[in-house]
Amino acid sequence: MQTAEQIMSSDVVTIGPEATLSEAIHRLLTRRVSGLPVVDDNQMLVGIITEFALLALAYDDGLQQQTVAQHMTRDVITVDVSDPVNRMADLFIVHRVRRLPVVRGGRLAGLVSRSDVLAALEQSAPICTA
């Protein structure tokens, strides 16, 4: 069975905890992603900020200059580079998340999406289209 390291995207768009929410929105829109892993200067994963969390700005424009650290999810569900595809599928189902940061020793190594897992499953047992 394939591992997270084999199916992850390693070119991940990230943001630092000191960035403003306005900067986070700009990065989400220009890079066309729906969530940003938050990493410190050593690439250690410290949180995640998503479109959903940023929708709070619809209620209070004053939040735009607050930092990502003030609004990010700190308890991030992650997988290790060696975790198998079925573990990732379990996490996607149970926690209803769109993406899973992949870590190696606490450092961000990549990102796995639900479609990455589905593609790996199809590759290991092709779906019959007849």
Side-chain angles (χ1 to χ4, degrees):
M1 184 166 284
Q2 290 184 311
T3 65
E5 187 169 33
Q6 293 170 306
I7 69 168
M8 71 184 188
S9 298
S10 56
D11 183 24
V12 181
V13 181
T14 63
I15 198 160
E18 71 289 340
T20 65
L21 295 183
S22 181
E23 292 169 323
I25 291 169
H26 180 74
R27 187 157 307 163
L28 283 172
L29 294 173
T30 58
R31 297 300 298 268
R32 302 181 69 82
V33 294
S34 62
L36 298 167
V38 183
V39 295
D40 66 14
D41 293 336
N42 297 317
Q43 292 301 306
M44 297 295 285
L45 183 68
V46 295
I48 196 161
I49 190 91
T50 65
E51 288 174 324
F52 185 80
L54 292 168
L55 287 174
L57 293 174
Y59 299 105
D60 186 353
D61 287 341
L63 297 177
Q64 287 190 15
Q65 294 310 310
Q66 289 188 359
T67 65
V68 167
Q70 292 173 280
H71 295 271
M72 68 185 185
T73 299
R74 294 177 187 279
D75 189 19
V76 182
I77 300 162
T78 64
V79 293
D80 187 78
V81 289
S82 63
D83 282 345
V85 168
N86 61 350
R87 168 144 168 69
M88 292 175 270
D90 286 346
L91 291 171
F92 281 125
I93 292 166
V94 171
H95 297 285
R96 296 178 183 249
V97 292
R98 291 184 173 199
R99 70 205 59 79
L100 290 168
V102 181
V103 295
R104 179 184 286 117
R107 283 195 167 92
L108 184 67
L111 204 63
V112 172
S113 69
R114 294 181 294 197
S115 60
D116 293 331
V117 169
L118 289 174
L121 292 171
E122 180 184 35
Q123 198 173 49
S124 67
I127 298 171
C128 180
T129 59

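The analysis underlying the following values was restricted to heavy atoms, covering all of them including side chains, and did not include hydrogens, waters or symmetry mates.
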query: What distance do Glu122 atom CD and Ser115 atom OG have between them, rounded to the nearest 0.5 Å?
result: 11.5 Å
message: Quick check: is Ile7 connected to Ile77 through a chain of hydrophobic side chains (ILVMFWY, heavy atoms under 4.5 Å apart)?
response: yes
- prompt: Would you find a donor on one side and an acceptor on the other, under 3.5 Å apart, between the side chain of Asp116 and the backbone of Ser113?
  reply: yes
Hphob cluster co-occupancy, Val12 + Val46, side-chain heavy atoms under 4.5 angstrom: no
query: Do Val13 and Val39 sit in the same hydrophobic cluster, where Ile, Leu, Val, Met, Phe, Trp and Tyr count as joined when their side-chain heavy atoms come under 4.5 Å apart?
result: no
- request: Answer whether the closest heavy-atom distance between the side chains of Pro37 and Arg99 falls below 4.5 Å.
  value: no
message: Would you compute the distance between atom CG of Leu28 and atom CD1 of Ile15 and round it to the nearest 0.5 angstrom?
response: 7.5 Å
List the atom pairs, with distances to 0.1 Å, where a side-chain N or O of residues 68-76 and a protein N or O form a donor-acceptor pair under 3.5 Å, not counting sequence neighbours.
{"from": "Gln70", "atom 1": "OE1", "to": "Thr67", "atom 2": "N", "distance (Å)": "2.7"}
{"from": "Gln70", "atom 1": "OE1", "to": "Thr67", "atom 2": "OG1", "distance (Å)": "3.2"}
{"from": "His71", "atom 1": "NE2", "to": "Gln66", "atom 2": "OE1", "distance (Å)": "2.5"}
{"from": "Arg74", "atom 1": "NH2", "to": "Ala69", "atom 2": "O", "distance (Å)": "2.8"}

field: Side chains of Asn42 and Arg107 in contact at under 4.5 Å (non-hydrogen atoms)
entry: yes
query: Got a second to check how far Ile49's CD1 is from Arg27's CZ, nearest 0.5 Å?
result: 12.5 Å
- prompt: So if you build clusters from Ile, Leu, Val, Met, Phe, Trp, Tyr with side-chain heavy-atom gaps below 4.5 Å, do Met88 and Met8 land together?
  reply: yes
query: In Å, rounded to the nearest 0.5 Å, how long is the span from CG of Leu63 to CD of Gln65?
result: 10.5 Å
message: Are there over 12 heavy-atom neighbours, none belonging to Asp41, within less than 6.0 Å of that residue's CG?
response: no
task: Taking all non-hydrogen atoms of both residues into account, name the closest pair between Val117 and Ala89 and its distance.
output: CG1-CB, 4.0 Å
- line: Tightest non-hydrogen contact, residues Leu121 and Ser124, listed as O-OG, 3.0 Å
query: For the atom pair CG (Leu54) and CD1 (Ile25), what is the distance rounded to the nearest 0.5 Å?
result: 5.0 Å
message: Testing the 3.5 Å rule here: is there a donor-acceptor pair between the side chains of Thr20 and Ser22?
response: no
field: Minimum side-chain heavy-atom gap Leu91-Val97 below 4.5 Å
entry: no
task: Check Val38 against Pro17 and note the closest heavy-atom contact, atom names and distance.
output: CG1-N, 3.5 Å
- prompt: Any chain of hydrophobic side-chain contacts (each under 4.5 Å) joining Leu111 to Phe92?
  reply: no
task: Quick one: which residue pairs count as a side-chain hydrogen bond (donor to acceptor under 3.5 Å, both in side chains) with a foot in residues 2-17, not counting sequence neighbours?
output: Gln2-Gln123, Thr3-Gln6, Glu5-Arg104
side-chain contact (heavy atoms from CB on, under 4.5 Å), paired with Val33, selected from Thr30, Leu29, Leu36: Leu36
